[in-house]
Amino acid sequence: MPAEPADQAPAEPSAAVDEATRVEILSRGELEIRGRLVDASNATLLASVTLDGVTAACVYKPVAGERPLWDFPSRTLARREVAAYVLSAGAGLDVVPVTVLREGPYGTGSVQWWVDEGQVDEDGDPVSGEPGAGLVDVVPPQELPAGWRRILDAEGIDGRPVVLAHADDPTLRRMALFDAVANNADRKGGHVVRDAEGGVFGVDHGLTFNLDDKLRTVLWGWAGERLPGQDRELLAVLVRDLEGGGPVRGALDDLLATEEVDRTAERARDVLSAGRYPRPSYGRPPIPWPAF
């Protein structure tokens, strides 16, 4: 994603840090704006955060920069970004980068650990990895990788046939489960990224946890298939937490409206009861636009 020029690049973390340390750095570190991600629809700022000699890149999305939407309550997208991380981490799915809610230079907002492949641009700023992380793509039919899940046949801008598809990858499979429970309305291919260690994550989760069913995703490759045993176990633990007032429920209650958390618990229970990945619903678009 392109960024407006910054005066100085944020330094790389001095050493690999675990998740708890990342939470601490993002929550208490000194936040400095480096540039703006100009392709984002809301104010999305590249920043650096420094704590105890460790500096890392992050993405800061201030509430003040959120554009009103007709179908989501105003000034709630940053909280939904953080709730997505809480759900992913609490359920053991681990498909969302560490994200916290805190004060920044432009007020309260979400701050997320920057995911990149260790590359920098000509100004020395970190750049995100390949959109789709090499796992989601639009390709000519003859170039479809073996074993990939075919989602949609279409025509490219030149009128030639193309295929929207994704890899049969376990992390993407967990991401599809996360999206179903979080009711993600915007899982584009470009929202799947890979970090320098090879981990795969989903980003941009402001359009989640709506009361109405809004699941729109490019990860329909497992639609109607049975949940693997391990994913089913993770989902069962999550359902018990959300319905029994566990730590994930408590954290989500601090970020979302009570009815939104209740609806999340219902969706998780419905998926668990069916034992299958959901299928697209009739009457609404199943894939976000654009798909990347």
Side-chain angles (χ1 to χ4, degrees), residues 1-3 37-42 44 59 69 71 84 93 95-97 115-119 121 127-196 198-208 210 213-228 231 276-292:
M1 293 179 287
L37 305 181
V38 297
D39 285 349
S41 56
N42 296 294
T44 303
V59 176
L69 298 170
D71 54 347
L93 297 171
V95 293
V96 178
V115 179
D116 66 78
E117 293 185 331
Q119 305 298 316
D121 61 19
V127 296
S128 62
E130 175 189 2
L135 298 173
V136 185
D137 209 346
V138 176
V139 298
Q142 66 273 17
E143 296 180 15
L144 184 66
W148 276 38
R149 303 282 181 132
R150 194 179 190 124
I151 305 303
L152 180 69
D153 294 304
E155 288 186 355
I157 58 175
D158 58 0
R160 296 182 180 181
V162 293
V163 176
L164 171 65
H166 63 73
D168 190 1
D169 179 85
T171 302
L172 290 188
R173 191 183 66 222
R174 293 195 301 273
M175 198 177 297
L177 179 58
F178 162 84
D179 287 342
V181 175
N183 197 20
N184 190 358
D186 198 32
R187 174 63 71 207
K188 295 181 172 70
H191 295 168
V192 179
V193 292
R194 188 189 302 272
D195 67 11
V200 176
F201 299 90
V203 298
D204 209 350
H205 296 111
L207 303 185
T208 47
N210 199 293
D213 291 334
K214 289 183 175 291
L215 181 59
R216 292 192 292 267
T217 175
V218 298
L219 303 179
W220 286 114
W222 298 277
E225 294 187 9
R226 291 189 178 277
L227 296 173
D231 291 355
R276 297 177 182 273
Y277 294 94
R279 297 180 183 274
S281 299
Y282 292 104
R284 57 184 173 83
I287 295 175
W289 185 258
F292 262 79

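In this structure, OH on Y277 lies 12.5 Å from CZ on R226, to the nearest 0.5 angstrom. Put simply, CZ on R187 and CG on L207 are 11.0 Å apart, with the number rounded to the nearest 0.5 Å. Remark: D231 CG to L177 CG distance equals 6.0 Å, nearest 0.5 Å. Note that the CG atom of L135 and the CZ atom of R194 stand 4.5 Å from one another [nearest 0.5 Å]. Rounded to the nearest 0.5 angstrom, R279 CZ and L215 CG are separated by 14.0 Å.
Judged purely by atom type and a 3.5 angstrom limit, N183 uses its side chain to pair as donor or acceptor with the backbone of N210. Side-chain N or O atoms of R276 include one that pairs as donor or acceptor with a backbone N or O of G224 at under 3.5 Å.
Tested against N184, the residues T217, T208, D179 include a single side chain to side chain donor-acceptor pair (under 3.5 Å) partner, D179.
Looking only at side-chain heavy atoms (C-beta outward), W222 and L227 stay at 4.5 Å or farther from each other. D137 places none of its side-chain heavy atoms less than 4.5 Å from the side chain of E143. Side chains of D168 and W148 form no contact here, defined as non-hydrogen atoms less than 4.5 Å apart. By the 4.5 Å heavy-atom criterion applied to side chains, V218 and H166 are not counted as neighbours. Under the 4.5 Å side-chain criterion, counting only non-hydrogen atoms from C-beta, I287 is in contact with I151.
Pairing each heavy atom of F201 with each of D195, the nearest pair is CE1-OD2, 3.4 Å. The two residues L172 and L219 come nearest to each other via the heavy atoms O-CD1, 3.9 Å. In this structure, P288 and A185 approach most closely via the heavy-atom pair CB-O, 4.3 Å. Summarising the geometry of P97 relative to G202, their closest heavy-atom pair is CD-O, 3.2 Å, with the distance given to 0.1 Å.
Between F178 and H205, the ring-plane angle classifies as perpendicular under the 30° and 60° cut-offs.
Heavy atoms from other residues, nucleotides or ligands lying under 6.0 Å from CZ of R284 number more than 12.
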Result block: side-chain N/O donor-acceptor pairs under 3.5 angstrom for residues 153-161, not counting sequence neighbours:
residue, atom, partner, partner atom, Å
D153, OD1, R150, NE, 2.9
D153, OD1, R150, NH2, 2.9
D158, OD1, R160, N, 3.0

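A salt bridge links E225 and R149; the closest N-O separation between the charged side-chain nitrogens and carboxylate oxygens is under 4.0 Å.
When the salt bridge (Lys or Arg N to Asp or Glu O under 4.0 Å) test is applied to D186, the partners found at least two apart in sequence or on another chain are K188.
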